[in-house]
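Any value given below was found using the heavy atoms of this structure, including those in side chains, with hydrogens, waters and symmetry copies removed. So you know, we letter chains A, B, ... as the sequences are listed, proteins then strands, and number each from 1.
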Amino acid sequence: MGPYWNILAGLPTTVALSALALAIGAVAGVPLMLARRSSLFLLRAPARAVIDLFRAIPPIVWLFIIFFGLAETGLQLTPFNAAVAGLGVISAAYLAEVYRGGLMAIDKGQWEAGHALGLSQFHTFQYVLAPQAFRVALPSMATFAIALLKDTSLAYSIGVNEVLFRANSEAQIGSGSSLAILAFAGGLYALLSIPTALVARRLDTALRDKVAR
Amino acid sequence: MTGAIYSGWGDYLSPLLDGLKTSLSLAGASLALGLPIGLLLALAVAAPLRPLRLVCIVLVEIGRAVPALVLLQLAYYGLPSIELTLTSFVAGTAGLTWITATYSSEIFRAGIASVPEGQREASAALGVGVSDTYRTIIIPQGVRVALPALLGLAIQVFQGTALAFTIALPELLSAAYDIGNETFRFLSVLTLAGLMYVAIVIPAGIIVRHVEIRMGKHLSPELR
C-alpha cells in the first residue's frame with residue numbers, strides 16, 4: 001500500500017470525528033444557549049463562563065487537557081474519544097452562540113403573537129421561534145462545520161490515526177517527497193470542505209424566504 | 001493526583017511565561033507580515049490583470065480550505081524535501097502568515113467594498129488619479145470599517161500559535177507539555193497554560209467590542 005492510499009484510509013476517521021463532534025455540539029448547544037438566555041442569573045452566568053472559556057482556550061490545548069490531564073484523575077480516554085469529547089464541547093460553545101444569534105434575528109412580534117394565541121412560552125419557542133432561528137443560523141452552522149472539519153486535524157497531536165496523522169508518519173519515514181505527501185493531505189481537507197459549502201449554499205437559498213425578520 | 005491543582009504553579013510560572021513570550025512573538029510576526037499581504041491580496045483579487053488575479057484567488061482559496069495545522073506541517077516538514085529547511089519559528093511564521101493574509105484579505109475586501117461608490121466618482125470628478133484615490137480616500141475608510149474584524153482575527157492568530165507545538169517550537173503549549181512530562185502533572189500545568197490564554201484572549205475580546213462600538217459612532221451613517 002503506497003503512502004497515498006494509507007492517507008486516504010484515514011478519511012473515514014476524519015469524517016467520523018467531524019460528524020460526531022458536530023452532532024454533540026448541535027444537540028448540547030441548545031440547552032447551553034437556553035441557559036445563556038435565561039433570566040436566572042444562576043443559569044446565565046455559568047453558561048456564559050462555559051461558552052467564553054471553551055472559545056478562549058485554543059482547541060489543541062483542550063485536547064491536551066482532556067487526553068493528558070484527565071488521565072491523571074483516572075479518566076483515561078482513547079485518543080479518538082478524547083478528540084470527539086474535546087471538539088464536541090467546543091462545538092457546543094460555538095453553536096450555542098450561533099443559535100443565539102439566529103434567535104435574536106427573529107422579529108420580537110413572533111413571541112408576542114405566540115403569547116396572544118395562548119401558546120406557552122416553551123411552545124412558542126418550540127413551534128414558532130426555533131424553526132425560524134434554525135434557518136437563519138444555518139449558514140453560520142455550515143461555516144462552523146467546515147472550520148470543525150479542518151480542526152479535526154488537531155487530533156493528530158494526541159495520536160488519532162486520521163488523515164494528517166498518517167500523512168505526517170509517511171512524511172517522517174520518508175516514503176516519498178514529504179512536500180507532496182502533506183500537500184495531498186491538505187488537498188483532501190479542501191476536497192471535503194467544498195461539498196459541505198455547496199450543500200450549505202443550496203439549503204440556505206431554499207430556507208431563506210421562510211423567516212419573519 | 002498529588003496535591004491541589006494549583007500546587008506547583010509558582011514553579012511553572014517562569015517557564016510558561018517564556019513560552020508565552022514566544023507565542024506572542026510568533027503571533028506578532030505573523031500579523032506584521034500577514035496583514036499587509038492580506039491588504040495587497042484584497043486589492044489584487046479585484047485587479048484588472050487576469051493572471052495576477054487568478055494567482056491571488058488560488059492563494060486565498062488554499063489558505064481557506066487547508067487546515068492551518070497542515071500549512072505549518074508543509075512549511076516545516078514539507079519544504080526540506082525541496083532543499084528548503086526552515087527553523088520552527090520561521091516555518092510557524094510562514095504558515096500563520098498565510099492564514100492571516102487569507103482571512104484578512106476577505107475582511108479588507110469587505111471593508112473596501114463598503115466605501116460608497118460616490119467617493120470614487122467624486123475623486124474622479126476632482127481629477128484625482130486611481131492610485132491616489134485608493135491610497136488617500138478608499139483604503140483609509142475601508143480599513144477603519146475593517147478594524148474590529150481585523151482585531152478579532154488577531155486574537156484567532158494568537159490562539160493559532162498553539163499549533164506550533166507540533167513543529168517543535170517552544171511556545172506556551174510546548175512549555176506546558178514539557179513540564180507535564182517531567183512532573184507527570186499534566187492537568188495542573190495545562191490548566192495554568194489554559195488560563196494564560198484566557199488572560200489574553202478574554203480582555204482582548206472586550207477591547208475589540210469597545211473598538212467596534214466606538215467605530216460605529218465615528219463612521220458616517222452610510223458606513224455603519
Side-chain angles (χ1 to χ4, degrees), chain A residues 14 49 52-75 143 146-158 163-165 167-168 170-172 174 176-194 196-197, chain B residues 1-2 5 23 61-84 155-156 158-167 172-174 176-177 180-181 183-191 193-206:
Chain A
T14 291
D52 284 352
L53 266 187
F54 275 103
R55 295 181 345 143
I57 296 179
I60 190 170
V61 179
W62 277 121
L63 294 191
F64 275 46
I65 290 175
I66 290 170
F67 185 65
F68 297 112
L70 288 188
E72 290 165 13
T73 68
L75 190 63
T143 308
I146 292 170
L148 178 65
L149 174 74
K150 292 192 287 175
D151 272 354
T152 60
S153 61
L154 304 176
Y156 126 81
S157 63
I158 55 169
V163 168
L164 183 59
F165 183 86
N168 189 273
E170 294 288 352
Q172 304 275 2
S177 152
S178 56
L179 188 65
I181 286 171
L182 287 164
F184 179 75
L188 281 184
Y189 286 101
L191 277 181
L192 283 177
S193 65
I194 290 167
T196 316
Chain B
M1 274 217 320
T2 48
I5 194 163
S23 299
E61 289 302 320
I62 292 176
R64 274 155 54 96
V66 175
L69 190 51
V70 177
L71 292 179
L72 293 184
Q73 302 262 318
L74 269 173
Y76 190 66
Y77 296 113
L79 290 182
S81 68
I82 53 166
E83 306 301 320
L84 187 63
I155 296 176
Q156 287 179 324
F158 169 67
Q159 291 178 313
T161 60
L163 302 178
F165 165 83
T166 65
I167 56 170
L172 180 50
L173 180 58
S174 311
Y177 184 79
N181 260 340
T183 61
F184 298 105
R185 298 188 69 233
F186 280 102
L187 190 59
S188 170
V189 68
L190 286 170
T191 303
L195 289 176
M196 287 185 170
Y197 285 105
V198 170
I200 292 196
V201 170
I202 291 195
I206 293 171

Chain A contacts, top residue of [options] (heavy-atom pairs, under 4.5 Å):
options	result
R64(B), Q159(B), Q156(B)	Q159(B)
T161(B), L163(B), I155(B), I200(B)	L163(B)
L173(B), V70(B), V201(B)	L173(B)
L195(B), T191(B), V198(B)	V198(B)

With a 4.5 angstrom heavy-atom cut-off, could you sort out which part of [X] is near chain A: side chain, backbone, both or neither?
X	answer
L79(B)	both
L74(B)	both
F158(B)	neither
A162(B)	both
V66(B)	both

- Task: Assess whether side-chain contact (heavy atoms from CB on, under 4.5 Å) is satisfied between Y177(B) and F68(A), documenting all intermediate values.
- Result: CA-CA 9 Å; Y177(B) 184 79; F68(A) 297 112; 3.7 Å; yes
- Message: For a 4.5 angstrom cut-off between non-hydrogen side-chain atoms, does T166(B) reach N168(A)?
- Response: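 In short, these two side chains do not touch, never coming nearer than 4.5 Å.
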Side-chain ([X]) to main-chain ([Y]) donor-acceptor, under 3.5 angstrom:
X	Y	value
K150(A)	L69(B)	no
E61(B)	A190(A)	no
S177(A)	S81(B)	no

- Matching residue for L190(B) among I57(A), L70(A), I65(A) - test: side chain to side chain contact (heavy atoms under 4.5 Å, CB included):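 It is I65(A); the other options fail the test.
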Contact class of [X] relative to chain B, heavy atoms under 4.5 angstrom:
X	value
A183(A)	both
S153(A)	both
L154(A)	both

- Query: How many angstroms lie between CD in Q73(B) and CD1 in I181(A), if you round to the nearest 0.5 Å?
  - Reply: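 These two atoms lie 12.5 Å from each other.
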- Query: Y197(B) and P58(A): which non-hydrogen atoms are nearest, and at how many Å?
  - Reply: CG-CD, 3.5 Å
- Query: Do you know which two heavy atoms are closest between Y77(B) and S178(A), and how far apart they sit?
  - Reply: O-OG, 2.7 Å
- Message: Would L172(B) and V61(A) count as a side-chain contact (heavy atoms from CB on, under 4.5 Å) here? Give the steps.
- Response: CA-CA 10 Å; L172(B) 180 50; V61(A) 179; over 6 Å; no
